[in-house]
Structures are given as C-alpha cells and as structure tokens.
Participant: 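The structure is given below, and queries will be raised subsequently.
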Amino acid sequence: MNNTNAPSFWRPGTTAPGSTLDRVSANEESPIDPSIYSVHSQTRSTQSRDELSRQRKQLPVYKYRQHLLYAMEKFRTIIVVGETGCGKTTQLPQYLAEVGWSGQGKMIACTQPRRVAATSVALRVAEEVGCRIGGKVGYSVRFDNAEGATTQIKYMTDGMLVRETLMDPLLQRYSTIMVDEAHERGLYTDVLLGLLRKIMKKRSDLRVIVSSATLDAEAFAEFFETNDDLTAPENNTATILSVEGRMHHVDIHYRRFPVPNYMQACADSVMQIHSKEGAGDVLVFLTGQDEVDQVVDMLSDRASSVSDARLRLLPMPLYASLPSEMQMRVFQPVARGCRKVVIATNIAETSVTIPNIVFVVDSGFAKIRAYNPVSGLEALVVTPVSKASAKQRAGRAGRVKPGKAYRLYTLEDYKSLEDQNVPEIQRSNLGQVVLQLKALGIQNIVRFDYLSPPPPDSLIRSMDLLHSLGAITDEGELSEPLGERMVECPLEPKLAKILLMSGEMGCSEEILTIVAMLQVQNIFVSPTNKRREADNHRRLFTALEGDHLSLLNAYTTFHKNKQSSGFCQTYFLNRRSLLRATEIRKQLLKFLRRFNIPICSTSDTEIIRRCITGGFFANCARLSGDGTYKSLRNGQTMAIHPSSVLYDESPPPWVVYHEVILTKQEYMKEVTVIDPEWLLEAAPHFYEYSRLVRNPKG
DNA sequence: GAGCACTGC
C-alpha cells in the first residue's frame, strides 16, 4: 500500500508529538503528584482582554451593552470575542432588537453551526422575551422552522442562511447578521463569511457580528475591514469587542514526562482522580469507539476490584453511533455515593454538554477527516489536537465549579501543537459548495474571498466533477435545467444527479429511498456482545446486487412493518436513522414534484443500478487478478469495506462505490455490482478513450 | 473476517 499521500499521524499506544520514550517514568503515581504533573491555570483572562483593547485602541470592555450600541453605529463589522459557552454572546441579538436594530421591517439573524443550538437558543430567548416561539423570536433549521410575519430575531443554522442566499442574494430580509461560534470554522460558516464580505460591498446598511474565540479575532477583523487605508485607522470599519465570560477557573495539569500509552494512562488517571479527589464527575477524551470501549472495560475491571473507595465508579461510553438510550445515560445524574466517568470521543467537545463535569482527562488526540484533493481520497486519521481544542476540552471542567484538567502530554508538547484546527473548507470535498457558488453567479471560484482559501486543486477537482456530471457548461456556467436543479437539492452533486435522472429512467421511487438512506449513518446496529446475531439478521436485507439495493430493502421492510420499534429491535436496525431517512426522502420528493419529474417505480434492479452508474461512473473499480480492486480512474488499489454486504460474497468483476475512505487500507463503502457497458452509456465523454472498458476481459 | 471523529442543507 502506498501511503505517501496520507498525512503522517500517531497511532494509539504511541507517545504524544515530540516526545521521547526513554524519558518515561516507570511508575505512574498520583495525578496530583508534582513529580508527574506541572500545574497551570486556565481562567477568564483579563490580560488578553486588555491586550486586545490596547491593540485596537478602543472600547474598554465593561458596560459592554452600551459599547455594543456605540460600535453598531460606528462600525460595519463587530468581532465579539469571549469564552465560548458563557452564554453572553447569544443574548446579543436580543439587546439589539430591544433598541430597534431589527426595525425597518428587517430581521436580525443569528447563525449556529448545529441544529440543536439554533433551536434551543431560540426557545430560551423566546422565553426570556416572553413571546411564543415563531413570534418575535423564531428559528429555521432543516425540516423544522418557526418564524412568522412578526419575527424580529431568527436563530438558524449557517447552512440554512447560505441556502437562503440562493433566493435572496443580498440577504435583504436582514439588517444584522450574527455568525456565532465562528472559531469552529465549519464548512458553511466559512462559506457564509465569504458571502457576507461580498454582500457588504453592495449593502452599506448591513451589520455583521462575528463571535469567535480570542485567538482568531484579529484575522476576522482584518478580513472584514473595508478601509484599505491602514494608515488611517480612525476610518476602520471593523472592530473587536470583548465580552466577560463567567466560566470557572480550571487548573491544567501537564505530564512532566510523555506517556507510553494514552489509553492506559487515561485509565490510570481516572483511578487516581477517583481515589484522591473530592466529588465531581470525570470526562475523558479519546479518539474513537474502539478506544472508548477498551477504556470503559479497563475501568469496569478496576472499579470492581477497588473495595475501600468512598465513591462507586460508574464508567460509561459516549460516541455518536451509540444507541440513544445509552447516550441518555450520561445526562442523568448518578446516585449519591457514585462518581460518573464519561469516556467520550470528540462528540463531547462541542456537540454535547454533559452536566456536572469537574475533572477532564485529555488524551491529546482526535480522529479527524482529511481530504486529499489530488486523489480525491478521504481518510480518517488520528492526529494531535490543536491548542484551541485542548482549551475547549479543558473548559468542560469549569462549567459548574472550579475544575481540573489532566493533559496526558507535556507542556512542551502542548506548545508544539497547532493553534487552531484546520478549517473544514481546507479539508473537505467541495463539490456542493462550488455548485452553490456557481449558482450565485461567482465566475472565478478560485478568487472568491475566502477567509482561508481551500487548496486550488480541491476547487479544480470539484469543477471537473461538476462538468463531467453536466452541471456546469464548457464555459463554466451553471447548466440549465440540470445544474440549476442540482443546486436546489440538498445533496452532494453525484447523488443530486442520479435523483434528477431517476424519473426518465423509471425508478425515482427507488432512487429517492436509496439517496435518503445514504444520507444517514449507522442504519445497522451491531452491539459488541451480539455481533453475530446482528450480522445474521442483517443478511435478511442483503441484495446480491450490492449495498444500495440492500439499503432499499431495509427501508421498505421497515415501512412494511409500520416503522415499529419492536421490528427495529429484533432486526438490529437503528430506528432513529430510519426515521431521519424517511424525513429526508419526503423533502427530496417535494423537489422532484416541483421539477415535474415523474414519480415512478420499478422492480427491475438493473434499471436502478444503471441509474446509479449515471452519477457514479467515476467511482468505478475492477477486480484484478490478485483479488484486489483497482480504481478505473487511477489504478488505486482498493478493497470492499467489511461493512458491505458484498464483503462475504464472491467478488464481482465490476463495481461502483459511493465513497472510498482510508483507514487501515483504502476501503470502498456502499458498493454495487455493475456491467461495464453501462459506464460507456452513462458517460461516453468520460470513458471514450478508456481501453479498460472497451476491453473488459483484459 | 474487519471497523466508522463530527456537523449541515
């Protein structure tokens, strides 16, 4: 396997970055033992606040409400910095509405990177304001919105606002747009910031507020500064305003020496906290499900062997694919005399807040998705976290009272970490984003105002893909009607293409289902202790034609059984995911109706597979003599992922796949058997000169 | 016979 393109990374069990094994101390002792840990503190930082005020030569930070209004009058963009999760920034739209900034019939928008945040903040603010939701305060997220003619403050996901620009390119409905949690640098946050910068050139009345962590503030302010004359700062159009946080003090404990195995060290640290520290629950950060399960096992073993402890130790796992009943356990308070230890993946860093955490143990690693824009290969790699992530993790200990964070790496290693996470826009497949920018009439997507430009290869690759699908013309414009319709569908381009083709192919009912099912994860659950049973039940849905048709089987069987939870339990299906797929399917059906695409059904699986090939012709692989698959595009060696129904079967000579991901090797996921003749039919322009296809017997 | 961090429209 040639891994030269993959980023270098550390594997579980190895040491933290920059560390040397020979310095490891032989005996682990108490975490509070100063020979093992050095202690620092993380608390609200008056120093950095003063520094900021000095740098920008304005606004002291107290009386921030008055200053906010002053800044709204004088500046066009305000960067609000403050500790995340302190709740102050989300109240800001409310202040503005009170003094009439939502006047002239225009709304104040406040974007969030996640659905739950948008809806829950909206509900809280509506309660504070004393209105019903959908009145003065509303929200808008996919599948759910509550807004009306009187709505003045609208909480929404950033993706939703990007989508609104397709209908209303200058966002004329809004007087002020606040982008919350911008430091997370999500894909749609970055796209939105770029669009807002463009819109501000045409709308001098628009105010933009960006809420971020302290470290990024200058970069955001510079990005939004429209005064080119930097020698005349009195004409600045962007400013920074700092908000006092209300987080508790967190002591940070660094290891004096690197740890040889961080899973073992996590378990050791938890046991030491348990025996030496006072009351308070513990949160441990690891990289993946396997590691979480292993550490939970280690702790369960050890907890049962400790007899003299004052508190009982209750380890519990937390990761996204955990069944929801199990997830709920971590939010419930434990009985007196018990200490909860939540062993979690990155899900607990931002997405989910667990109450009562006083101690945090941070492995220093996370699993992140990387994208190689040249090969198009995605990879899941374990990498050291950034300083920003480490701070965020530590901060989880300071929400209820002063807490402690144990970092399983040295202070030197901490200093060597990157400041920030790599923005998602620089490590993602940009097919959908490029399509949307094209729809907004942006001719040169390479020169678009990005806060952090994506790799040019990534943009070029996306353009190539869109061109090969027929979504953009030879001149680089959105095609009509295909491209215009594709951008409407909330789907990646390949899936949008097959959905839009499915009507004329005679299989839109089936493609609707398949596309919806591909949008959700973990349809099939396999609990560690009942794996074989789960596998056997799963076979009932297996179609020999491959995973796409097996997904179709699972969905239709679920609905034949009236979406019953008993059925799901018996057959190890994830009901939550299936219901979400049902909702997505319903939404996609509306688009087909709007475009007058025939809604039709077939029982001929060949028609369905031909249709899939019509969008996934570039994702084709051929079985080679040694039993591996070779990608048709570049000869890359790949294997069928063990989660595929085709994994156990005799390998078919030709397949198309939904995606390929590098973990231990390059794996194709969601694989369907095809006839190579269909490739020529689907994309003659793509395969015209391919000898491989013209000579399939090789 | 092997595995999958997390969002969003």
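Labels below follow one simple rule: chain letters A, B, ... track the order of the sequence lines, proteins then strands, and each chain is numbered from 1.
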Participant: List the atom of A:A344, the atom of A:L283, and the distance in Å for their closest heavy-atom pair.
Facilitator: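 That closest heavy-atom pairing would be CB-CD1, 4.0 Å.
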Participant: On DNA chain B, which is the earliest and which the latest nucleotide, 5' to 3', with an atom closer than 4.0 Å to a heavy atom of chain A?
Facilitator: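 Nucleotide range with atoms under 4.0 Å of chain A: B:dG1 to B:dC9.
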Participant: Given the rule that a pair is Watson-Crick or G-U wobble with both distances under 3.5 Å, how would you write DNA chain B in dot-bracket, using | for pairs to a different strand?
Facilitator: .........
Participant: Under a 4.0 Å N-O cut-off, is there an ion pair linking A:R396 with A:E349?
Facilitator: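 Salt bridge absent between A:R396 and A:E349.
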Participant: Relative to the 5' end of DNA chain B, which residue comes earlier, A:I368 or A:C489, by the nucleotide with the nearest heavy atom?
Facilitator: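 Whichever sits nearer the 5' end wins; that is A:I368.
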Participant: Less than 4.0 angstrom from a charged side-chain N to a carboxylate O is my criterion; do A:R369 and A:E378 meet it?
Facilitator: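 Yes, charged N to carboxylate O under 4.0 Å.
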Participant: How are the rings of A:H641 and A:Y667 set to each other: parallel, tilted or perpendicular (split at 30° and 60°)?
Facilitator: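 The arrangement is perpendicular - the two ring planes meet at more than 60°.
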Participant: Hey, can you pull the donor-acceptor pairs under 3.5 Å for the side chains in residues 110-117 of chain A, sequence neighbours left out?
Facilitator:
residue : atom : partner : partner atom : Å
A:Q112  : NE2  : A:D180  : OD2          : 3.0
A:R114  : NH1  : A:E184  : OE1          : 3.0
A:R114  : NH2  : A:E184  : OE1          : 3.4
A:R114  : NH2  : A:E184  : OE2          : 2.9
A:R115  : NH1  : A:R142  : O            : 2.4

Participant: Show, in sequence, the C-alpha distance, side-chain angles and deciding distance for A:I357 and A:V282, and conclude whether the side chain to side chain contact (heavy atoms under 4.5 Å, CB included) test is met.
Facilitator: CA-CA 6 Å; A:I357 298 298; A:V282 187; over 6 Å; no
Participant: Closest-nucleotide mapping onto DNA chain B: is A:N346 or A:G159 further toward the 5' terminus? I mean the 5' end.
Facilitator: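 Result of the comparison: A:N346.
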Participant: Using a 3.5 Å distance criterion without hydrogens, assess whether the side chain of A:K494 forms a donor-acceptor pair with backbone atoms of A:F616.
Facilitator: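 Checked: no pair found.
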Participant: Would you say that more than 12 heavy atoms from the other residues, nucleotides or ligands in this model lie under 6.0 Å from the NZ of A:K198, or not?
Facilitator: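 It does not: A:K198 NZ has 12 such atoms or fewer within range.
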